[in-house]
Visitor: 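The structure's right below; bear with me while I get my questions together.
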Amino acid sequence: MIIQTRQNSELSSLFFYGLCCVLLVMVGACTPQQASTHSVSGSTMGTYYRVTLADKVTDSAALKLEIETALTKINRSMSTYLPDSEISQFNRSAAATPSAISAEFAHVLAQALQLAELTSGAFDITVNPLVQAWGFGSDGVQTTVPSTAQINAILTHTGYRLLSLQGQQLAKKVPQLTVDLSAIAKGFAIDQIGDLLSQRGYENWLVDIGGELKARGNKGDENWQVAIEQPRDQGGIHHVLDLQDSAIATSGDYRNYVELGGQRYSHIIDPVTGYPVTHQLASATVLHDSAMMADALATALLVMGQDLAFDFAQEQGLSVYLIVRDANAENFKVVSTGEFTRLTH
Ligand code: AMP
Ligand code: MG
């Protein structure tokens, strides 16, 4: 825990959105002694977005319009909540013959499939029917634990290998297969907004979508600071760090869960077993150049559990911070990679 006096004084002004997916919060709303910043915010992807700029903004309304146009474009392609989005159309179709998809959608799918291979299927964008069966999807909360027979039946039409992507041509090998980019699309959107800001000449900014963040430059004379949340229902700050020209994402099992038959189940599903993960890894945080990769990797690590996740992170040279619950779920210990220490000290 490295919360210092100045940061403590800022705790009262930190903004915090009590939504299920908020795992990281930015510390330090603008106080008189700090650099002046300008923010643009709104909603997207079932959560909030906030772009904070420490550069002079001449036309805030025009910038907001550009940001929202970019976000709308991503949603029209990748949101399963919009019936006419590319992804929803693909999900509804039998699509045994390949159909043409946009370059953006193909790019995110290609990255997701590559990560599925790399993580031996821990990350899997076809997992949605299982997410629904466990009561985390748009179908709403379930009141009973799905039966083994039900899970096994669903497993016959999930699995990233049942998806076929050739360039911008997408097909499915079984008609029931669906794609859900919840674990990666926010990161992609952050990268897109970041690119937009850079193209418009902004050099000092922080983009936050639903608690996943990417920063460039500084906040006046200071670094951008972010906090990794304490992995408990009631939240709180676990660890504060400077975010220097990097993206950061956290996946956790503590905010989004259901209780079925007196047992608590996480919204992160192991795609191989079809069951929510049950290990002691409470949250996984990844620092990465790409917000899309940080987002997807954080989810994948949470599926793996502490030991596999740490070995994988070391092998891949990733910058990772894992918060692990002790056996009685009272206390936490931290396991981080050398790369995380190198980048944050
Ligand atoms: P995140 O908050 O980025 O970790 O994404 C979590 C969301 O991704 C869940 O709410 C599910 O919709 C979906 N999901 C659950 N398990 C997996 C998995 N193993 N691979 C990919 N997406 C998953
Ligand atoms: Mg994710």
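Counting starts at 1 for both ligands and their atoms, following the listed order. FYI, the numbering just counts along the sequence from 1. Keep in mind that what you see is a predicted model, and the values were worked out from it rather than measured.
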Visitor: Considering non-hydrogen atoms only, spot the tightest contact between G252 and L302 and give its length.
Guide: C-CD2, 3.6 Å
Visitor: Can you check which of T299, L301, L181, L130 brings a heavy atom nearest to atom 1 (P) of ligand 1?
Guide: T299
Visitor: Do any of the N, O or S atoms of E212 sit under 2.8 Å from the Mg ion (ligand 2)?
Guide: no
Visitor: Given A116, A294, A183, which has its nearest heavy atom closest to atom 22 (N) of ligand 1?
Guide: A183
Visitor: Near V303, which atoms of ligand 1 are under 4.0 Å from a heavy atom of that residue?
Guide: 19 (N)
Visitor: Short list, please: which atoms of ligand 1 are under 4.0 Å from a heavy atom of P271?
Guide: 19 (N)
Visitor: Are any of the N/O atoms on V127, whether in the backbone or the side chain, positioned under 3.5 angstrom from an N/O atom of ligand 1?
Guide: no
Visitor: Pick one of side chain, backbone, both or neither for how D180 approaches ligand 1, counting any non-hydrogen atom pair under 4.0 Å.
Guide: side chain
Visitor: Any N/O/S atom of A294 sitting less than 2.8 Å from the Mg ion (ligand 2), backbone or side chain?
Guide: no
Visitor: Could you tell me whether some N/O pair between I269 and ligand 1 is separated by less than 3.5 angstrom?
Guide: yes
Visitor: Classify the ring geometry of H238 against Y321: parallel below 30°, tilted from 30° to 60°, perpendicular beyond 60°.
Guide: perpendicular
Visitor: Under a 4.0 angstrom heavy-atom cut-off, which atoms of ligand 1 come close to D295?
Guide: 3 (O)
Visitor: Enumerate the atoms of ligand 1 whose separation from the nearest heavy atom of F123 is less than 4.0 angstrom.
Guide: 20 (N), 21 (C)
Visitor: If you apply the rule side-chain hydrogen bond (donor to acceptor under 3.5 Å, both in side chains), what do you find for S77 with E86, and how did you get there?
Guide: CA-CA 5 Å; S77 169; E86 275 193 286; 2.8 Å; yes
Visitor: Are K333 and D326 ion-paired here, with the side-chain N under 4.0 Å from a carboxylate O?
Guide: no
Visitor: How long is the straight-line distance from CG of L82 back to OG of S88, given to the nearest 0.5 Å?
Guide: 6.5 Å
Visitor: Any donor and acceptor pair, going by atom type alone, linking the side chain of D270 with main-chain N or O of P276 inside 3.5 Å?
Guide: no
Visitor: Please confirm whether the backbone N or O of G211 pairs with a side-chain atom of Y48, one donor and one acceptor, at under 3.5 Å?
Guide: yes
Visitor: Please list, in number order, the atoms of ligand 1 under 4.0 Å from a heavy atom of S251.
Guide: 1 (P), 3 (O), 4 (O)
Visitor: Which of the numbered atoms in ligand 1 are under 4.0 angstrom from any heavy atom belonging to A122?
Guide: 18 (C), 19 (N), 20 (N)
Visitor: Has A300 got any heavy atom lying under 4.0 angstrom from an atom of ligand 1?
Guide: no
Visitor: Is the Y265 ring parallel, tilted or perpendicular to the W134 ring (thresholds 30°, 60°)?
Guide: tilted
Visitor: Please report the interatomic distance CD1(I101) to CD(Q169), rounded to the nearest 0.5 Å.
Guide: 8.5 Å
Visitor: Over all heavy atoms of both residues, which pair between T44 and L71 is shortest? Give the atoms and the distance, please.
Guide: OG1-CB, 3.8 Å
Visitor: Would you give the length of the straight line joining atom OG1 of T119 to atom CG of D124, rounded to the nearest 0.5 angstrom?
Guide: 8.0 Å
Visitor: Does some non-hydrogen atom of A298 fall short of 4.0 Å from ligand 1?
Guide: no
Visitor: Among D124, N128, T80, which residue places a heavy atom closest to atom 21 (C) of ligand 1?
Guide: D124
Visitor: Counting backbone and side-chain atoms alike, is an N, O or S atom of T299 positioned under 2.8 Å from the Mg ion (ligand 2)?
Guide: yes
